[in-house]
> 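Pasting in a structure now, in structure tokens, and then I'll have a few things to ask.
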Amino acid sequence: MDQNLQIFNSLSRKKEDFKPINPPFVGMYLCGPTVYGDAHLGHARPAIMFDVLFRYLRHLGYKVRYVRNITDVGHLENDLDEGEDKIAKKAKLEQIEPMEVVQYYTDNYHRDMKSLNVLSPSIEPSASGHIIEQIKMIEAIIQHGMAYEVEGSVYFDVLAYDAKYKGQERYGILSGRIIEDLLNTTRELDGQEEKRNTLDFALWKKAKPEHIMRWPSPWGDGFPGWHIECSAMSGKYLGEKFDIHGGGMDLLFPHHEGEIAQSRAANGVNPAKYWMHCNMITLDGKKMGKSLGNAISLEQFFKGDHPILEQAYTPMTIRFFILQAHYRSTVDFSNEALIAAEKGFNRLMSAYEILNKIEAGTESTINLHPWIQNAYDAINDDFNTAILISYLFEACSWIHGLNEKRLSLNPTDLDTFKKYMMVFTEDILGLKNEKSANSSEEGLMDLILNLRMKVRANKDFATSDEIRDRLLELGYAIKDGKEGTGWGRI
RNA sequence: GGUAGCGUGGCCGAGCGGCUAGGCAAGGCUCUGCAAAAGCCUCUACUCCGGUUCGAAUCCGGACGCUACCUCCA
């Protein structure tokens, strides 16, 4: 916990020292997915970024409660009165129960996150399970005069809110938006006559008779608005004021701005001390997004099943690829970039494996301490995983040096080196070797390679090359080396 | 139009005033029966134009180009 962690706070647009509100406890909340479609590359980024955050805070000794929600109600297709719940729409399309859609895509999301070695959050609440909390919160906002009911729907009164907090934290504090500008530039949308102001947003929407997802409320049957779920659930599990709230940059406005306004209106406080936003993953320089139709699902990446993909990419390649860029930068997807990431990652993992076989020497020719501190400094500097990875590659070349006896470490230092390689690679970055060979395969290959070695000793290169070529056809690459012959699946 | 931000070597990507990451590709070398693999070495870039400074990719001003948000979005 004695590391000097700095986090870029979207609220102040500056890096700030991380000081938890209630050490050693840390509460963090990440806006999870709306489960109406397959998880795509864009979902992976915040999940991985918060995973590293979660892992690191735990590594530092904090007691972390990590809440990541599942949004399974309430997202309007648009802000029109005809607006229809996303889940309901999908359900109608596929002729199934809305909760069936939710279950299916939630399972998919979990499966993909698990492949990416993303740890489960401490609590994963769903919006549909917290309707009562949301209603209570809306009632509080109405009571404080910052929301109003019209025809069974409830809207947040942005101007009333702004008037109340003028001079302190106006509406727009997070996104830098200015009410007057918004009033001038907000597009004219139809069907907004219920609202007092175009900026107002729905807290509760009346459900039409044909609407299938609906809950009873003091204002009649309906469903919650988009932003209220996160406010209600974060408040319930993390308290009115917690440490870190995050999500994709596209949620900064209006979603997170709305959350701040709702929480302040209901209980007077900005819910989070630090707001973190990760940038977009782009495809040909354009944001990858479901609604833009250019999203490639994680499953498609893992299987190579998409016209744009030249090959399949393993989950760890995806994770490594994302970690190689800083979370606040956009990262542009391309086959070339992913293939580069794949090769780099394999090199890292093969060195990591060799490390286990290194034997200690009598003295140390590597000074580990600056390296360890540099690596910590990198992660402390607003999670600069790219820099941290560069130190891992420095370590790679040491490992090769140790392996070839050009370098040496005494027993204590070797243990330290191994320990920190594990800390940085596995514990913090969550990278792991995914080479999977079952034991019978292992045995068979040992047998074949031993036979080939004998043949080679007799200079029967025709046979040895035949073995090599036939194995290649079967998808196994032979790697002759000084220390014997290794192999790998292609 | 408003609000954030970006423009770095063949490609991807760090960088927050001097020490000028890292990965991939490329070239060379080592190893090797050959090949592959692997390892080692090499490769000095910051869109443009001004300014501040002893010194700028890094700060300031301007131009051009690009992106995100302002509608659902990770």
Side-chain angles (χ1 to χ4, degrees), chain A residues 10 13 15 30-34 36-37 39-50 75-80 83 86 172 175-178 180-187 189 199 226 246-255 257 277-282 285-292 295 320-321 324-326 328-334 336-345 347-348 350-351 354 374 378 381 384-394 396-397 400-401 403-404 406 456 459-461 464-465 468-469 472 477-483 485-488:
Chain A
S10 303
R13 294 196 193 85
K15 283 180 197 168
L30 176 68
C31 290
T34 304
Y36 70 111
H40 62 261
L41 196 56
H43 291 99
R45 177 115 97 147
I48 289 172
M49 166 203 157
F50 256 58
H75 266 217
L76 297 176
E77 198 59 32
N78 52 43
D79 214 359
L80 310 184
K86 268 190 177 171
S175 57
R177 279 170 171 74
I178 296 155
E180 289 74 15
D181 292 336
L182 286 170
L183 286 170
N184 292 333
T185 57
T186 302
R187 289 177 221 183
L189 295 168
L199 297 182
W226 176 30
M249 255 178 200
D250 50 356
L251 296 183
L252 200 136
F253 188 91
H255 185 59
E257 197 72 72
H277 293 93
C278 56
N279 218 318
M280 299 293 106
I281 289 181
T282 58
K286 296 268 191 297
K287 171 184 167 182
M288 187 182 282
K290 186 152 177 59
S291 52
L292 301 170
F320 185 77
F321 173 68
Q324 257 193 320
H326 186 85
R328 283 190 288 115
S329 301
T330 55
V331 60
D332 197 48
F333 156 83
S334 69
E336 221 182 344
L338 268 184
I339 289 167
E342 180 182 55
K343 290 185 180 170
F345 177 66
R347 197 162 87 80
L348 181 64
S350 78
I354 291 170
N374 285 340
D381 184 14
N384 200 325
T385 51
I387 295 286
L388 177 56
I389 286 172
S390 79
Y391 287 113
L392 257 28
F393 278 108
E394 188 179 357
C396 271
S397 80
H400 295 133
N403 196 221
E404 290 159 20
R406 282 182 285 112
R456 286 177 73 201
K459 303 227 186 278
D460 180 2
F461 297 121
S464 105
D465 287 355
R468 182 213 286 160
D469 295 343
L472 197 62
I478 298 289
K479 298 165 186 175
D480 290 326
K482 235 192 289 188
E483 311 284 325
T485 300
W487 60 277

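Sequence lines set the chain letters: A, B, ... in the order given, protein chains first and strands last, and positions in each chain run from 1.
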> Tell me every residue that passes side chain to side chain donor-acceptor pair (under 3.5 Å) with A/Asp460, counting only those two or more places apart in sequence or in another chain.
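A/Asp460: side chain to side chain donor-acceptor pair (under 3.5 Å) contacts with A/Thr463.
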
> Quick one: which of B/C70, B/A21, B/A74 gets closest to the side chain of A/Leu182?
B/C70

> Between P on B/C66 and NZ on A/Lys286, what's the gap in Å once rounded to a whole number?
9 Å

> If we take the C1' atom in both B/C60 and B/U52, what is their distance in whole Å?
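Looking at atom C1' only, B/C60 and B/U52 are 7 Å apart.
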
> When only distance counts, do a donor and an acceptor, one from the side chain of A/Ser464 and one from the base of B/G33, lie under 3.5 Å apart?
yes

> Determine whether A/Asp480 and A/Thr485 satisfy the following criterion, side chain to side chain donor-acceptor pair (under 3.5 Å), listing intermediate values before the conclusion.
CA-CA 4 Å; A/Asp480 290 326; A/Thr485 300; 2.9 Å; yes

> At under 4.0 Å between heavy atoms, how does the protein contact nucleotides 3-11 of chain B? Give one character per nucleotide, 5' to 3', with B, S or -.
S-S-----S

> Please state how far atom CG in A/Leu392 lies from atom P in B/A14, giving the value in whole angstrom units.
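It works out to 17 Å between those atoms.
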
> Just call it for A/Met280: base, sugar-phosphate, or nothing, with non-hydrogen atoms closer than 4.0 Å on any strand.
base

> Would you check if A/Met49 and A/Thr385 make a side-chain contact, meaning some heavy-atom pair closer than 4.5 Å?
no

> Let me spell it out: for each of A/Gln324 and A/Gly401, pick the nucleotide of RNA chain B with the closest heavy atom. Which residue's pick is nearer the 5' end?
A/Gln324

> From C-beta outward on A/Ala325, which listed nucleotide comes closest to its side chain: B/C69, B/A14, B/G23?
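Nearest nucleotide to the side chain: B/A14.
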
> Please lay out, stage by stage, how A/His326 and A/Ile387 fare under the test side chain to side chain contact (heavy atoms under 4.5 Å, CB included).
CA-CA 9 Å; A/His326 186 85; A/Ile387 295 286; over 6 Å; no

> The criterion is side chain to side chain donor-acceptor pair (under 3.5 Å); which residues satisfy it with A/Ser350, sequence neighbours excluded?
none

> For A/Ala295 and A/Met288, which heavy atoms make the closest approach, and how far apart are they?
CA-CG, 3.4 Å

> Quote, to the nearest angstrom, the P distance that separates B/G23 from B/A57.
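To the nearest whole Å, 24 Å.
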
> Between A/Phe393 and A/Lys15, who's closer to the 5' end of RNA chain B by nearest nucleotide?
A/Lys15

> Between A/Asn384 and A/Ala378, is there a donor-acceptor pair closer than 3.5 Å when you use the side chain of the first and the backbone of the second?
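No.
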
> So A/Gln324 and A/Phe345, do their side chains get closer than 4.5 Å, heavy atoms only?
no

> When you measure from the side chain of A/Phe461, which nucleotide among B/U67, B/A74, B/G33 comes out closest?
B/G33

> Checking contacts here: which listed nucleotide (B/C70, B/G39, B/A74) is nearest the side-chain heavy atoms of A/Arg406?
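Nearest to the side-chain atoms of A/Arg406, counting from C-beta on, is B/G39.
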
> Using atom CD1 of A/Ile387 as one end and atom P of B/G13 as the other, report the distance to the nearest whole Å.
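Between P of B/G13 and CD1 of A/Ile387: 14 Å.
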
> Contact class for A/His277 (heavy atom, under 4.0 Å): base, sugar-phosphate, or nothing?
nothing

> Any protein N or O atoms within reach of nucleotides 34-38 of chain B? Criterion: under 3.5 Å, listing atom names and distances.
| unit_1 | atom_1 | unit_2 | atom_2 | d |
| --- | --- | --- | --- | --- |
| B/C34 | N3 | A/Arg468 | NH2 | 2.4 |
| B/C34 | N4 | A/Arg468 | NH2 | 3.0 |
| B/A35 | N6 | A/Asp480 | OD2 | 2.8 |
| B/A35 | N3 | A/Arg468 | NH1 | 3.3 |
| B/A35 | N3 | A/Arg468 | NH2 | 3.4 |
| B/A36 | N1 | A/Asp480 | N | 3.3 |
| B/A36 | N1 | A/Asp480 | O | 2.8 |

> Would you please name every residue forming a side-chain contact (heavy atoms from CB on, under 4.5 Å) with A/Lys479, sequence neighbours left out?
none

> For B/A25, take OP1 and OP2 only and decide whether either is under 4.0 Å from a side-chain N or O of A/Lys343.
yes

> Of all the heavy-atom pairs spanning A/Asp250 and A/Lys287, show the shortest one and how long it is.
OD2-NZ, 3.2 Å

> In whole Å, what separates the C1' atom of B/G15 from that of B/C6?
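Pairwise C1' distance, B/G15 against B/C6, rounds to 14 Å.
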
> With rounding to the closest Å, how many angstrom separate the C1' atoms on B/A4 and B/G9?
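B/A4 and B/G9 have their C1' atoms separated by 29 Å.
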
> Could you give the distance separating B/C66 and B/C48 at their C1' atoms, to the nearest angstrom?
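One C1' to the other, the span is 15 Å.
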
> Sticking with atom C1', work out how far B/A45 lies from B/U58, rounded to a whole angstrom.
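It comes out at 14 Å once rounded to the nearest Å.
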
> Could you tell me which non-hydrogen atom of A/Arg328 sits nearest to which non-hydrogen atom of A/Met249, and how far apart they are?
O-CE, 4.2 Å

> Are the side chains of A/Lys290 and A/Thr34 in touch, meaning some heavy atoms are under 4.5 Å apart?
no

> Using whole Å, what does the distance between atom P of nucleotide B/C70 and atom CD of A/Glu257 come to?
13 Å

> Kindly give the heavy-atom pair with the smallest separation between A/Cys31 and A/Leu251, and that separation in Å.
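Taking every non-hydrogen atom into account, CB-CD1, 3.6 Å.
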
> Students often get this wrong, so: under 4.0 angstrom with heavy atoms, is A/Leu30 touching a base, only sugar-phosphate, or nothing?
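The answer is nothing, as A/Leu30 stays clear of every strand by at least 4.0 Å.
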
> With a 4.0 Å cut-off on heavy atoms, is A/Gly248 in touch with a base, just the backbone sugar-phosphate, or nothing at all?
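Sugar-phosphate, backbone atoms only, no base.
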
> Considering only atom C1', compute the distance from B/G22 to B/G61 and round it to an integer number of Å.
34 Å

> Minimum heavy-atom separation for A/His277 to A/Ser10, with atom names?
ND1-OG, 2.7 Å

> Classify A/Leu251 by what it touches in the nucleic acid, base, sugar-phosphate, or nothing, heavy-atom distance under 4.0 Å.
sugar-phosphate

> Given Watson-Crick or G-U pairs with both distances under 3.5 Å, what dot-bracket string fits RNA chain B, with | for other-strand pairs and [ ] for crossing?
((((((((.[[[..)..(...]]].(((((.......)))))....[[[[[..)....]]]]])))))))....

> What's the gap between B/A26 and B/C69 when it is taken at their P atoms, as a whole Å value?
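After rounding to an integer number of Å, I get 37 Å for this pair.
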
> What's the closest nucleotide to the side chain of A/Ser390 if the choices are B/G22, B/C12, B/A14?
B/G22

